[in-house]
Amino acid sequence: MRVRFAPSPTGFLHVGNARTAIVNYLVAKKNRATMVLRIEDTDMERSTRESEESIYRDLAWLGIFWDEGPDRGGPYGPYRQSERFDIYRKYTEQLISQGNAYRCYCTKEELESTKKGAGGEAESYTYSGRCRNLTDAERKKFEAEGRTPTVRFRVPDNEPVVVRDMIKGPVEFNSSNIGGDFIIIRSDGVPVFNYIVIIDDALMKISLVIRGDDHLSNTPKQLLVARALGLPEPEYAHLPLIMGPDRSKLSKRHGITSVEMYRSQGYLPEALMNYMAMLGWASESGEEILPLETIIDQIDLKKLSKNAPIFDFQKLRWMNGMYLREYPIERLIDLFIPHITMAGYDTSAASRRHLTEIIAVLRTKCELLSDISSLIGIFLDDVAEPDEDADAMLRGEDSKKVITAAHDLFRGELTADNFAAGLVARVKDVTGLKGKNLFMPLRAIITGRQKGPELDQSMPLIGYEKCRKRVEYCHDRYCR
RNA sequence: GUCCCCGUCGUCUAGUGGUCUAGGACACCGGGUUUUCAUCCCGGCAACAGGGGUUCGAUCCCCCUCGGGGAUGCCA
């Protein structure tokens with residue numbers, strides 16, 4: 001079995017495409033198939049080498065690796081469509097000489113006006129077939145006018161075309177309603193996707209095409225080309241499109257959609273991979289957080305849901321948090337450090353051991369790596385400026401008792417050696433407070449907030465000096 | 001407009017002609033553990049789009065309607 005992922009390098013890797021890549025990868029692994037990466041860069045205006053590079057990066061980050069592609073070669077190259085124009089030319093000549101394609105001299109403007117003239121919906125337009133049967137004289141005349149022709153595929157009348165689709169089952173079309181003779185070569189000589197995709201799939205011996213649902217309606221065109229050229233027809237699996245919360249195709253306006261953004265916001269590749277794999281599918285046990293091997297073992301195209309799923313950012317976050325907890329702590333440190341740095345802290349000032357201990361405490365409070373930016377200050381700031389909630393809490397009467405008691409204790413019996421264990425116990429003795437009434441004010445004094453990591457775990461990591469300063473700060477602020 | 005795809009809790013899904021008073025997960029709500037918020041554990045809320053058939057019996061099979069999506073490009 002051979003499968004392929006064929007992105008067009010016109011921007012960052014979008015999560016929708018990422019899912020296509022993921023499913024291709026999983027299916028390839030499961031079947032010990034070869035995965036081909038093909039770059040579909042026939043849109044000369046929008047394709048860039050930078051985009052291509054970023055796609056490689058994003059795929060690699062996700063943990064997706066391919067066997068053949070522009071970057072690593074293979075027996076069926078080149079793997080960039082822009083480098084295969086000679087190959088397509090031969091097929092185009094064949095189609096024209098067979099009468100399956102013809103040159104069309106209509107200009108964009110003429111086409112545009114017949115659309116309007118057709119009396120209404122531009123959407124209902126199909127090409128008139130004006131240039132279908134030009135005589136040599138007519139052709140000469142157009143050429144003399146300086147027109148550069150496109151090449152159109154002659155779509156046969158009333159011919160059934162069935163797409164063999166592993167997810168949807170057989171899908172039947174009729175050639176008469178796929179929109180008429182379509183352009184296969186632009187007037188500048190560059191071939192279009194719908195034409196060459198099937199040639200490349202055949203030449204690259206792709207046996208199963210896994211791609212987005214948005215390609216389903218165009219598949220009959222491609223199949224018709226294959227038929228005219230005598231090329232083999234692959235089997236298909238059209239994945240339902242991922243939707244935004246408003247049920248339209250997921251796009252930028254729905255939020256973060258590029259893989260690159262997920263990485264920079266602190267999502268883990270394993271979590272994104274896992275989430276995307278589970279979108280539209282369920283494991284045998286019903287569990288959702290699964291190691292890659294299990295997903296590969298259990299994935300089955302026939303069991304993929306036919307529904308277009310809505311991308312659930314919240315669930316992804318949750319899943320990411322679950323991965324954060326299970327991750328090897330050593331790797332996690334390196335992943336967290338850039339986020340700590342970005343939050344404005346000098347990580348080289350703290351020892352790695354200290355950082356490790358802090359992160360061991362904080363990781364359960366984070367869903368994203370970037371969540372640490374609002375929490376790390378608890379450990380590294382000198383003074384913990386109380387936030388709104390903490391401030392409200394500290395204005396209470398019990399809080400003042402706690403502040404005063406803590407303040408006195410730091411002036412007296414508490415030392416660097418005993419403060420962590422001693423503070424809570426002694427404040428309790430002095431004030432007679434306990435439970436929530438004791439802990440919440442202390443938490444507010446020490447951390448500046450009402451939510452956060454366990455106090456008794458945090459205090460030793462914050463350290464005697466900082467704790468003392470924070471107590472003094474609160475004493476100045478609330479008890480005078 | 002036309003063609004194609006799809007319709008189970010708010011969301012992702014399991015399910016298959018009777019075992020479904022429809023299962024799980026996220027979210028939400030409540031309780032418990034934690035001398036503290038959170039974590040964690042337990043519990044709750046909540047769905048077979050509607051109408052016709054077929055059948056002894058339909059969430060499941062068929063048809064229609066409605067709803068959603070995609071395609072219809074000298075984008076892919």
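Naming convention: chains lettered A, B, ... in sequence-line order (proteins, then strands); numbering from 1 in each chain. These figures come from a predicted structure and were not determined experimentally.
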Closest heavy-atom contact between Thr20(A) and Leu239(A)?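 For Thr20(A) and Leu239(A), the tightest heavy-atom pair comes out as CA-CD2, 3.9 Å.
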If every non-hydrogen atom of Glu68(A) is compared with every non-hydrogen atom of Tyr76(A), which pair is closest and at what distance?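 Taking every non-hydrogen atom into account, OE1-CD1, 3.7 Å.
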Is [N] paired to anything, Watson-Crick or G-U wobble with both distances less than 3.5 Å, and if yes, which nucleotide?
N      : value
G1(B)  : U72(B)
A22(B) : none
C66(B) : G7(B)
A27(B) : none

Modelled atom types, side-chain donor and acceptor of Asp165(A) and His238(A), under 3.5 Å: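 Present: a donor and an acceptor within the cut-off.
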Looking just at side-chain N and O atoms, do Thr219(A) and Arg211(A) make a donor-acceptor pair shorter than 3.5 Å?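 Indeed, the side chains of Thr219(A) and Arg211(A) share at least one donor-acceptor pair under 3.5 Å.
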Please measure how far the [atom1] atom in [N] lies from the corresponding atom in [M], and state the result in whole Å.
N      : M      : atom1 : value
U2(B)  : C61(B) : C1'   : 29 Å
A14(B) : G73(B) : P     : 35 Å
C64(B) : C75(B) : C1'   : 37 Å
C4(B)  : G10(B) : P     : 31 Å
U72(B) : U21(B) : C1'   : 48 Å
A22(B) : C9(B)  : C1'   : 10 Å
G23(B) : G51(B) : P     : 23 Å

Just call it for [X]: base, sugar-phosphate, or nothing, with non-hydrogen atoms closer than 4.0 Å on any strand.
X         : answer
His238(A) : nothing
Lys168(A) : sugar-phosphate
Leu455(A) : base
Thr42(A)  : sugar-phosphate
Met243(A) : sugar-phosphate
Cys106(A) : base

What do the steps show when you test Tyr102(A) against Asp181(A) for side chain to side chain donor-acceptor pair (under 3.5 Å), and what is the final call? CA-CA 10 Å; Tyr102(A) 59 91; Asp181(A) 296 349; 2.6 Å; yes
Selected nucleotide, minimal atom distance to [X] side chain, candidates [options]:
X         : options                : answer
Ser8(A)   : U8(B), A76(B), C40(B)  : A76(B)
Phe439(A) : C74(B), U36(B), A76(B) : U36(B)
Asp214(A) : C37(B), C26(B), G70(B) : G70(B)
Pro309(A) : C12(B), G7(B), U35(B)  : C12(B)
Glu454(A) : C5(B), A38(B), A76(B)  : A38(B)
Lys436(A) : C3(B), U11(B), U36(B)  : U36(B)
Val171(A) : C6(B), U72(B), C5(B)   : C5(B)
Ala282(A) : C3(B), A14(B), C40(B)  : A14(B)

Report the residue (Phe173(A) or Ser217(A)) whose heavy-atom-nearest nucleotide on RNA chain B is the more 5′ of the two.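 Nearest nucleotide further toward 5': that of Phe173(A).
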Starting at the 5' end of RNA chain B and moving along, which residue's nearest nucleotide shows up first, Thr148(A) or Met278(A)?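 Nearer the 5' end of the strand: Met278(A).
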Starting from C1' on U2(B), measure out to CZ on Phe182(A) and report it in whole angstrom.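 Answer to the nearest Å: 18 Å.
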Take atom NZ of Lys365(A) and atom C1' of C37(B), then tell me their distance rounded to the nearest Å.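 From Lys365(A) NZ to C37(B) C1': 7 Å.
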So, applying side chain to side chain donor-acceptor pair (under 3.5 Å) with Asp71(A), which one of Trp66(A), Tyr79(A), Tyr56(A) is it?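 With Asp71(A) as partner, Trp66(A), Tyr79(A), Tyr56(A) yield a single side chain to side chain donor-acceptor pair (under 3.5 Å), made by Trp66(A).
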